[in-house]
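Have a look at the structure below, then the notes.
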There are 2 protein chains.
Amino acid sequence: MTGETGRQGRVTIKAVAKEAGVSVAAVSKVLRNAYGVSPAMRTRVQAAIDDLGYRPNLAARGMRGQSFTIGILLYGLDNPFIADVVDGIHEVTIPAGYKSLLGVGRAKVPIETNLIDTMIDYRMDGLVLIGPRLSPETLALYAPQIPLVCIGHHEPQAVGFDTVNSNDFAGAGLVVKAMIARGHRDIGMISLELGVDHKTNVSDIREAGYLAAMAEAGLAHKARIARVRSVDPAPDDPELRAWLQSPDRPRAVFCWSDIHAMLLVNIAAEMGIAIPDELAVAGYDNSRPAAYSLIGLASVDQDAARIGVETASLLMSRIGGRSDAVHALVTPTLVLRRSI
Amino acid sequence: MTGETGRQGRVTIKAVAKEAGVSVAAVSKVLRNAYGVSPAMRTRVQAAIDDLGYRPNLAARGMRGQSFTIGILLYGLDNPFIADVVDGIHEVTIPAGYKSLLGVGRAKVPIETNLIDTMIDYRMDGLVLIGPRLSPETLALYAPQIPLVCIGHHEPQAVGFDTVNSNDFAGAGLVVKAMIARGHRDIGMISLELGVDHKTNVSDIREAGYLAAMAEAGLAHKARIARVRSVDPAPDDPELRAWLQSPDRPRAVFCWSDIHAMLLVNIAAEMGIAIPDELAVAGYDNSRPAAYSLIGLASVDQDAARIGVETASLLMSRIGGRSDAVHALVTPTLVLRRSI
DNA sequence: AGCGTCGTGTGTAACGTTACATGTATAACC
DNA sequence: GGTTATACATGTAACGTTACACACGACGCT
């Protein structure tokens, strides 16, 4: 022991109390903006906090009360959509005094559950899950343990947690209508292979929106969905190449994601297929390379920042005690570019 | 109180001890693989842990001992380099029983310091900083508080922490040599505006490597560096456009980053400048869109995964008690593509 | 037999914070 | 003037874990 301040020179609530000449309980109240503290006391304690450079120990905090930290679970880092969502979340949480820590789930169930467990074990105040691979049953298991809001998980009947999504149904409709306006009638779709919980995936909702828009335009008989296996295909993906070579390839195609749409545009260029004259393409996400003039990919913009803001607001109110479930939809827009 | 198990039904070390018929101290020892526990006791406790589905409370753990968690500070999420680095880190840390949580610093000093504080306050066992904007002085202040390894921060004389970097000096040399092999002599560079701590930035080391390689080839008089202001330029960045229009534009250009190189390739295409016949371009990072056939950008590959592995190994040994500083360099390779 | 040593196991005081139950003044009412 | 609110401040028991000091029996050595 080196004396008064403890071995690491770390400033604790005790030191602040001593410096300000008040009790630790009083300091704690000031820190939490709790009821029953006079303005005089508040300023005195605040001065001591500033003088000593005190920072609360989050681990200790988490043992008794709130930690003022939220956890965000992502499926990956290489996605501009996620970057914007996170920015949107911070726009709300940082002014509210919350910090956030992220975990990368790599779209694998064991990693995701492990990370969620970690976040719960750290006594975080709430969790945002972006595109979780977890089943509704698993989520229902976690929901009672911690305030939860999911993005990119369509489950409007869920009761224990909130969801925020782009209106994927409407977004697909925007694309189909724009293509019809361009004179196309033979419009196909490229989607993901069906998963086990496929009713909750964004790609499935986009499929439904596509089919509905086609039907509404009297083109139900033309509608067809090709499914690719890989979420993250290589630049020379054989599935996409095969699709482009197939004899009954449609005249226009709506891709569930920019990743596939951009690859399609590139492989088509290699194969000498003219875009959009021989094949019109539209994607989803309006990611940065879609705007490159060499790519020029029309794409649906989800308004990721707004999704983030909406999500964070819901999480804040849920941490505040709300228990009824809210399921919000954010309206997307279509960014027209050369490829359509 | 609802009775035996506590209000939230959460399983504590106490419950495990009771179930196994031993003391809490014994359970704690088993959890930490500490000395002084018989095989019989170990199996008995482990069985109880599995039966009850016990998970240690990290907040409580962090108050006394290790939390088995490391923090990773990133500057942003929209970068494939970072994604690969993080994967490399996990390759080492996960088998070692460590979890990791990320923070996004947005390349802003106050956010970065805030996040590092948070991670320290959570009693994490170690920190990885990827491309921190912090000054050597600030880092020296943090280093005594927590094991630290930096990526993308060149400070080979630092004593309190380790660094792992791509050999940016050599990477720049690879590009210059490849361009000379293609017959170019008029080779320029596009770099970042100088920051205050510019001796530690990767862009500055790449500049030095570029200048050295030019000098070595007897082209020192041809060498010139243009500096752009924005780290994250818009698709129609006026600075890059102006550079392309300038009368003394070089015949070939090495860009410090793919972000700028790809934009350059696109704006050049808009302006009718033929790549590589009128202008050869090479970037740094070998990011995914660089491989798109429509872009075809030659780029230096940093071997991000290896950097991650190296970093994690250093952090583990530093957590284990090592205190001398290691400064590792990873050898990059150049991926040749059409643009050069 | 007596004395250290070793291998195992237990009891319990921290760790830094919050929540709750108690004070203790001062003001407000009959 | 005595009771009752009201507002503020304090003392202290948790929270779940680890680290430390210690107890206990068995063993090997003089």
Side-chain angles (χ1 to χ4, degrees), chain A residues 1-2 4-45 48-49 52 54-69 118 120-125, chain B residues 1-2 4-45 48-49 52 54-69 117-118 120-123 125:
Chain A
M1 289 301 140
T2 60
E4 311 277 301
T5 49
R7 67 186 188 293
Q8 278 286 12
R10 168 127 200 147
V11 181
T12 72
I13 203 174
K14 217 167 186 167
V16 175
K18 196 173 184 180
E19 170 86 4
V22 299
S23 70
V24 291
V27 178
S28 175
K29 278 191 182 177
V30 170
L31 288 169
R32 291 172 291 130
N33 288 312
Y35 172 81
V37 41
S38 65
M41 154 127 272
R42 181 176 304 281
T43 53
R44 218 141 72 88
V45 170
I49 288 174
L52 271 54
Y54 166 78
R55 284 180 349 233
N57 178 331
L58 291 175
R61 236 184 195 178
M63 284 195 61
R64 294 288 295 161
Q66 292 188 66
S67 63
F68 291 102
T69 310
T118 301
I120 294 176
D121 295 348
Y122 256 127
R123 295 289 140 103
M124 292 189 177
D125 293 340
Chain B
M1 289 301 140
T2 60
E4 311 278 299
T5 50
R7 68 186 189 295
Q8 278 287 13
R10 167 129 199 146
V11 181
T12 73
I13 203 174
K14 217 167 185 167
V16 176
K18 195 173 184 180
E19 171 85 4
V22 298
S23 71
V24 291
V27 178
S28 176
K29 279 190 183 180
V30 171
L31 288 169
R32 293 172 291 131
N33 287 313
Y35 172 83
V37 41
S38 66
M41 153 128 277
R42 181 177 303 281
T43 53
R44 218 142 70 89
V45 170
I49 287 174
L52 271 53
Y54 166 77
R55 284 182 348 233
N57 177 333
L58 291 176
R61 231 181 201 184
M63 282 193 63
R64 295 289 294 163
Q66 291 191 66
S67 62
F68 291 102
T69 311
D117 288 346
T118 301
I120 293 175
D121 295 348
Y122 255 125
R123 296 288 139 104
D125 293 340

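Since this is a predicted model, take the numbers as computed values, not measurements.
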Are side-chain heavy atoms of [X] and [Y] found at a separation under 4.5 Å?
| X | Y | result |
| --- | --- | --- |
| B:Thr69 | B:Arg123 | no |
| A:Val37 | A:Val45 | no |
| A:Ile13 | A:Leu31 | yes |

### Task
Starting from the first five and the last five pairs of the helix from C:dA1-D:dT30 to C:dC29-D:dG2, work out the angle between the resulting helix axes, to 10 degrees.
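Inter-axis angle at the termini of the helix from C:dA1-D:dT30 to C:dC29-D:dG2: 50°.
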
Value in whole Å for how far the [atom2] atom of [N] lies from [atom1] of [X]:
| X | N | atom1 | atom2 | value |
| --- | --- | --- | --- | --- |
| B:Tyr35 | C:dG7 | OH | P | 4 Å |
| B:Met63 | D:dA19 | CE | P | 13 Å |
| A:Tyr122 | D:dG16 | OH | P | 17 Å |
| B:Lys14 | C:dT12 | NZ | C1' | 12 Å |
| A:Arg123 | C:dC15 | CZ | P | 21 Å |
| A:Leu58 | C:dT18 | CG | C1' | 14 Å |

Tell me whether the OP1 or OP2 atom of [N] has a side-chain N or O from [X] closer than 4.0 Å.
| X | N | value |
| --- | --- | --- |
| A:Thr12 | C:dC15 | no |
| A:Tyr54 | C:dT17 | yes |
| B:Arg61 | D:dT18 | yes |

### Task
Mind checking side chain to side chain contact (heavy atoms under 4.5 Å, CB included) for B:Ser38 and listing every partner two or more places apart, or none if nothing turns up?
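If we apply the side chain to side chain contact (heavy atoms under 4.5 Å, CB included) test to B:Ser38, skipping adjacent residues, the hits are B:Ala40, B:Met41.
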
### Query
From C:dG11, C:dT17, D:dT17, pick the nucleotide closest to the side chain of B:Ser23?
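The listed nucleotide nearest to B:Ser23's side chain is C:dG11.
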
### Task
Under the salt bridge (Lys or Arg N to Asp or Glu O under 4.0 Å) rule, collect the residues that match up with A:Arg42, sequence neighbours excluded.
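With neighbours one apart ignored, the set is empty.
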
### Message
Using the salt bridge (Lys or Arg N to Asp or Glu O under 4.0 Å) criterion, which residues pair with B:Asp121? Sequence neighbours excluded.
### Response
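Salt bridge (Lys or Arg N to Asp or Glu O under 4.0 Å) check on B:Asp121 returns A:Arg10, A:Arg55.
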
### Counterpart residues, ring-ring contact (aromatic ring centres under 6.0 Å, His included), relative to B:Tyr54 (two or more places apart)
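Testing B:Tyr54 for ring-ring contact (aromatic ring centres under 6.0 Å, His included), a comparison that skips the adjacent residues, returns none.
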
Give every pair of a protein N or O atom and an N or O atom of nucleotides 20-25 of chain C that lie under 3.5 Å apart, one pair per line with the distance.
none

### Task
List in chain and number order the residues that pass side chain to side chain donor-acceptor pair (under 3.5 Å) with A:Gln66, two or more places apart in sequence or in another chain; answer none if no residue qualifies.
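Partners of A:Gln66 by the side chain to side chain donor-acceptor pair (under 3.5 Å) criterion, ordered by chain and then number, come out as A:Tyr98.
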
Using distance only, find each side-chain donor-acceptor pair of residues 21-30 of chain A under 3.5 Å and give its atom names and separation, not counting sequence neighbours.
unit_1  : atom_1 : unit_2  : atom_2 : d
A:Ser23 : OG     : A:Ala26 : N      : 3.2
A:Ser28 : OG     : A:Arg32 : NE     : 3.0
A:Ser28 : OG     : A:Arg32 : NH2    : 3.2

